[in-house]
Peer 1: 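First, the structure itself, so that you have it in front of you.
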There are 2 protein chains.
Amino acid sequence: MDNSKVGDKRHLRSLMTRHKLLEVAKEIFLEEGFQAAVISQMIKKANIGYGTAYVHFKGKEDLLIVLMENIMEQFYEIAETSFFPKSKDEANHIINKQANAFLKMAEAERNMMQVFEQAIGISTVISDKWKAIRMKFIQRISKDVVYAQQNGLARAELNHELVAKGWFFTNEMYLWEIVRNEHQSSIEEIAQTITSVYFEGLYL
Amino acid sequence: MDNSKVGDKRHLRSLMTRHKLLEVAKEIFLEEGFQAAVISQMIKKANIGYGTAYVHFKGKEDLLIVLMENIMEQFYEIAETSFFPKSKDEANHIINKQANAFLKMAEAERNMMQVFEQAIGISTVISDKWKAIRMKFIQRISKDVVYAQQNGLARAELNHELVAKGWFFTNEMYLWEIVRNEHQSSIEEIAQTITSVYFEGLYL
DNA sequence: CAAAGAATATGACACAATGTCAATAAGGTA
DNA sequence: TACCTTATTGACATTGTGTCATATTCTTTG
């Protein structure tokens, strides 16, 4: 019913071109990193005309954003995990699990995340995308802290927003460390340790 | 005795040129940020010949590194503060003070730190400089944690390296938030809150 | 099915910025 | 003064970007 012209031969070719370019872009981003990746190189490798790339995408940034969509989606999913523990133990368990999932993402998508990290430092648009993800997490954690405080599980005198940020920040920095493959300990141990300090620091 | 030719008119002129360029570079970095700052613009504003800039500095990075040296020095000083608390209370106090000093740096040097943050994302050399500072802090904190553990002040079952990193990471991220002027709460409250969670989480 | 029309693709071009280098200027020395 | 050393210079080659008028390819219409 919708998109009546989707079966077009033309439109199809257009899609193929776009797809080919994305594919090649990914390869080159992974090989070169965001900074060093060069559009003209992608164009050559994709065997399309120079201007064609600019018909489909505004530039490097635009290309990467599309390539990252999948990963960003996954982050949002993790951020949305619900949190209604009945007990201290259950809370500890849930928090630990979330930290683990978050850090595992770094490992699973390490290569693209490396490109992403570079891009965050360079492109405003991409940096904003990450900020949105971060905000989502912080809001989520903030709610969790409030919930725990209201249910007498956590120290009520602490500013939940500040606590939430601090906790997320630790997680985020470890995320990048794992992305860069600079971590010494296992993800499990990292998650376990930071959760433990956070948990004992916040919960009663 | 040393540098016998330092009084030279020639050498002096060279120093003046270098100085002038640095001065202008700072202005332009502050106006434009690292990314957008353009060497040719600096050269024009400094009223020197194009090639001259490259005699004195290898490029943008090199210029910024020199401009940052003072600030980096200050970070090293903070990192070197000694830590030998006799009691839990004293420990809490020292840690809070350090976190405060660290975050205050962000505020005091906000403008150059903004440039620095951008540059970290772009230039490997500068990123390495920051990594060195970070490592210094983490080593320092790590030692402090071990000290506290050995003196029966802190939970001995925790991996001190992981704890130290986690704690520094929270501080660092707040540092950047303050640099970007995105913080809502006062520095004192931030330091107070994160210290409190860390402290109660780690200490007995 | 031919001609008109619409969507895509193309690459030459204009621009912006970088770093190098052979030539030049200026200061110091004997 | 003549010669050596150090510092400065800007034209040039290079690399990459994004745009736009033109060409190609497909679809529709009479």
Side-chain angles (χ1 to χ4, degrees), chain A residues 2-25 28-29 31-66 115 118-119 122-126, chain B residues 2-25 28-29 31-66 115 118-119 122-126:
Chain A
D2 52 15
N3 291 354
S4 48
K5 304 238 171 129
V6 152
D8 277 6
K9 208 169 169 184
R10 263 210 291 240
H11 187 218
L12 209 70
R13 184 161 62 113
S14 164
L15 283 179
M16 292 299 290
T17 305
R18 187 188 148 94
H19 182 76
K20 181 73 192 163
L21 185 54
L22 276 171
E23 206 169 35
V24 170
I28 293 190
F29 276 137
E31 279 165 28
E32 308 288 340
F34 184 75
Q35 168 87 316
V38 155
I39 294 212
S40 51
Q41 199 191 347
M42 298 176 185
I43 289 170
K44 204 187 285 174
K45 202 168 174 187
N47 262 311
I48 61 176
Y50 191 88
T52 311
Y54 289 92
V55 171
H56 292 274
F57 303 92
K58 286 187 183 171
K60 259 208 277 192
E61 287 187 9
D62 206 20
L63 240 353
L64 184 63
I65 287 171
V66 174
V115 178
Q118 254 197 66
I122 295 168
S123 139
T124 321
V125 188
I126 292 182
Chain B
D2 50 16
N3 292 354
S4 48
K5 303 241 171 123
V6 152
D8 276 7
K9 209 171 168 186
R10 267 211 289 238
H11 186 219
L12 211 69
R13 184 162 62 115
S14 164
L15 283 180
M16 291 300 289
T17 306
R18 187 188 147 94
H19 182 76
K20 181 74 191 163
L21 185 54
L22 275 172
E23 208 168 32
V24 171
I28 294 190
F29 276 138
E31 279 165 27
E32 309 287 340
F34 184 75
Q35 169 86 318
V38 155
I39 293 211
S40 53
Q41 199 191 347
M42 298 177 185
I43 289 169
K44 203 187 284 174
K45 202 168 173 188
N47 262 312
I48 61 176
Y50 192 87
T52 311
Y54 289 92
V55 171
H56 292 275
F57 302 93
K58 286 187 183 169
K60 258 207 277 191
E61 288 187 8
D62 206 21
L63 239 353
L64 184 63
I65 286 172
V66 174
V115 178
Q118 254 198 66
I122 294 168
S123 139
T124 321
V125 187
I126 292 182

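The sequence lines fix the lettering, A, B, ..., with proteins before strands; numbering per chain opens at 1.
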Peer 1: For A:Arg13, does its backbone N or O pair with a side-chain atom of A:Thr17 as donor and acceptor, under 3.5 Å?
Peer 2: yes
Peer 1: Enumerate the residues from residues 39-58 of chain B whose closest heavy atom to DNA chain C is under 4.0 Å, giving them by residue number; use none for an empty result.
Peer 2: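 DNA chain C contact set from residues 39-58 of chain B: B:Ile39, B:Ser40, B:Tyr50, B:Tyr54.
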Peer 1: Can you tell me the distance, in whole Å, between the NZ atom of B:Lys20 and the C1' atom of D:dT8?
Peer 2: 17 Å
Peer 1: Take A:Glu32 and A:Val38, measure what side-chain contact (heavy atoms from CB on, under 4.5 Å) needs, and give me the verdict at the end.
Peer 2: CA-CA 9 Å; A:Glu32 308 288 340; A:Val38 155; over 6 Å; no
Peer 1: Atom CZ in A:Arg10, atom CG in A:Leu12: separation rounded to 0.5 Å?
Peer 2: 12.5 Å
Peer 1: Does the side chain of A:Gln41 reach to within under 4.5 Å of the side chain of A:Lys44, using non-hydrogen atoms?
Peer 2: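 When only atoms from C-beta onward are counted, A:Lys44 and A:Gln41 do not touch, as no gap falls below 4.5 Å.
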Peer 1: Rounded to the Å, how far apart are B:Leu21 CG and D:dA7 P?
Peer 2: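 These atoms are roughly 15 Å apart.
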Peer 1: Heavy atoms, side chains only, cut-off 4.5 Å: are B:Leu63 and B:Phe29 in contact?
Peer 2: yes
Peer 1: Is any side-chain heavy atom of A:Leu64 less than 4.5 Å from a side-chain heavy atom of A:Gln118?
Peer 2: no
Peer 1: Mind checking the CD-NZ spacing from B:Glu31 to B:Lys45? Nearest 0.5 Å is all I need.
Peer 2: 4.5 Å
Peer 1: Suppose we screen for side-chain contact (heavy atoms from CB on, under 4.5 Å). Which residues come up paired with B:Ile65, at least two apart in sequence or across chains?
Peer 2: B:Glu69, B:Val125, B:Ile126, B:Lys129
Peer 1: For A:Arg13 and D:dC26, give me the distance from atom CZ to atom C1', rounded to whole Å.
Peer 2: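 Taking atom C1' of D:dC26 as the reference, CZ of A:Arg13 is at 8 Å.
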Peer 1: Could you pull out the protein-nucleic contacts involving nucleotides 4-6 of chain C (nitrogen or oxygen on both sides, under 3.5 Å)?
Peer 2:
unit_1: C:dA6; atom_1: N3; unit_2: A:Arg10; atom_2: NH1; d: 2.9

Peer 1: C:dT18 C1' sits how many Å from B:Leu63 CG, rounded?
Peer 2: 14 Å
Peer 1: Nearest 0.5 angstrom please: B:Ile48 CD1 to B:Arg18 CZ, how far?
Peer 2: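 Atom-to-atom, B:Ile48:CD1 and B:Arg18:CZ are 12.0 Å apart.
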Peer 1: How many whole angstroms separate atom CD of A:Gln35 from atom P of D:dT17?
Peer 2: 11 Å
Peer 1: Tell me the interatomic distance from A:Arg18, atom CZ, to C:dA9, atom P, rounded to whole angstroms.
Peer 2: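 The answer, rounded to whole Å, is 12 Å.
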Peer 1: May I have the distance from A:Lys9 (atom NZ) to C:dT8 (atom C1'), rounded to whole angstrom?
Peer 2: 14 Å
Peer 1: Respond yes when some side-chain nitrogen or oxygen of B:Ser14 is under 4.0 Å from OP1 or OP2 of D:dT6, and no when none is.
Peer 2: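 Result: no.
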